[in-house]
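One structure is given here, and the rest of the page talks about it.
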Amino acid sequence: MATETEKAAERVAKLRAQAEKFAGPLAVAEAEWEAVREAEAARRAERAKAYDRKVVDTWMERAQEAVDSGDEPHKRFMEALAAEPWFAAYVEYRSARYKRGHVLTEAQRAQTALREVMTVPEPRLYDIAILDEIQRAVEKQAAALGAKFSEDLDAKREAFLAERD
C-alpha cells in the first residue's frame with residue numbers, strides 16, 4: 001500500500017509543480033487578456049459616444065427625411081385608391097351622409113332665422129367597420145416595416161462600434 005500512496009503523492013507533487021510552472025504565465029496571459037478586453041470596451045464606449053453624438057446632432061434632419069420619404073408613396077396610394085371601384089362606391093355612399101348633414105345644418109339655420117324652437121337634430125357621421133379593419137391592417141404592416149428599419153439602425157450602430165479606426 002505504501003508504494004501506491006507514494007506514487008499518488010509523487011504524482012500530485014509533480015502536477016503541483018507543473019501547475020506552479022504554468023501559473024505565472026497563465027496569470028500574465030489572463031492579465032493581458034483582461035487589458036485587451038478593457039481596451040476594447042473603452043474603444044467601443046468612445047465609438048458609442050461618437051455615434052450617439054451624431055444621432056443627437058442629426059435626428060431632426062433624419063426624422064424629417066423619414067417623414068418626407070412618405071410623400072411620394074402617399075400620393076401613389078391616393079391615386080391607386082381613387083382608381084378602385086370599391087373606393088369610389090364608398091366615397092359615393094359617404095357623400096350621402098355629408099349631404100344629409102348639410103340639409104340638417106341648413107334647416108337649423110332656417111329655424112334659427114325664423115326664431116323657432118330647434119327641432120332639427122344635430123348632424124352625425126357614422127364610421128363603418130371596414131375603415132377600422134383597413135387601418136389595423138395598415139398599422140400592422142407599417143409597424144413591421146418600422147421594426148425592420150429599427151433593426152437596420154441597430155445593425156448600423158453595431159457596425160460603427162465594431163469598426164476599427
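If you're wondering where the values come from, they're calculated on a predicted model, not measured in any experiment.
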Under the salt bridge (charged side-chain N to carboxylate O under 4.0 Å, His left out) test, residues paired with R37 that sit two or more places apart:
E34
Pairing residues for L114 by the side chain to side chain contact (heavy atoms under 4.5 Å, CB included) criterion, not counting sequence neighbours
E116
For E163, check salt bridge (charged side-chain N to carboxylate O under 4.0 Å, His left out) against everything at least two apart and list the hits.
R47
How long is the span from the NE2 atom in H102 to the OG atom in S95, to the nearest 0.5 Å?
9.5 Å
Tracing side-chain contacts under 4.5 Å among Ile, Leu, Val, Met, Phe, Trp and Tyr outward from M60 reaches W59
Same cluster (ILVMFWY, side-chain, under 4.5 Å), L153 and L161
no
Quick one: list whatever passes side chain to side chain contact (heavy atoms under 4.5 Å, CB included) with R94, sequence neighbours left out.
Y90, R97, L125, D127
Just how far is it from atom CD of E30 to atom CG of L26, taken to the nearest 0.5 Å?
4.0 Å
Verify the neighbour count for atom CD of Q111: are there more than 12 heavy atoms of other residues, nucleotides or ligands below 6.0 Å?
yes
Residues joined to L104 in its hydrophobic cluster, side chain to side chain under 4.5 Å directly or through other members, sorted by chain and number, are M118, V120
Under 3.5 Å donor-acceptor, S150 side chain and G146 backbone:
no
Just do the side chain to side chain contact (heavy atoms under 4.5 Å, CB included) check on W33 and V28 with the steps written out, would you?
CA-CA 9 Å; W33 181 45; V28 169; over 6 Å; no
Flag yes if V56 and Y51 sit in one hydrophobic cluster, no otherwise; membership is Ile, Leu, Val, Met, Phe, Trp, Tyr, and two members link when side-chain heavy atoms are under 4.5 Å apart.
no
T105: partners by side chain to side chain contact (heavy atoms under 4.5 Å, CB included), with sequence neighbours left out:
R109, P123
Pairs of donor and acceptor atoms involving the side chains of residues 11-23, under 3.5 Å and at least two apart or interchain, shall be tabulated with distances.
none

Output, in order, the C-alpha distance, side-chain angles, deciding distance and verdict of side chain to side chain contact (heavy atoms under 4.5 Å, CB included) for R62 and V67.
CA-CA 9 Å; R62 292 173 51 230; V67 167; over 6 Å; no
Can you tell me how far the NZ atom of K49 sits from the CG atom of D52, to the nearest 0.5 Å?
10.0 Å
Determine whether more than 12 heavy atoms belonging to other residues, nucleotides or ligands lie under 6.0 Å from atom CZ of F87.
yes
Linked, directly or transitively: F149 and V55 (ILVMFWY side chains, under 4.5 Å)
no
Taking everything shown except Y98 itself, do over 12 heavy atoms lie less than 6.0 Å from its OH?
no
What pairs with R44 under salt bridge (charged side-chain N to carboxylate O under 4.0 Å, His left out), at least two apart in sequence or on another chain?
E158
What pairs meet the side chain to side chain donor-acceptor pair (under 3.5 Å) rule with one or both residues in residues 134-149, with sequence neighbours excluded?
K148-D152
With K75 via side chain to side chain contact (heavy atoms under 4.5 Å, CB included) - residues at least two apart
E72, E79
Are side-chain heavy atoms of V138 and F77 found at a separation under 4.5 Å?
no
Sorted by chain and residue number, the salt bridge (charged side-chain N to carboxylate O under 4.0 Å, His left out) partners of E40 (sequence neighbours excluded) come out as R43, R164
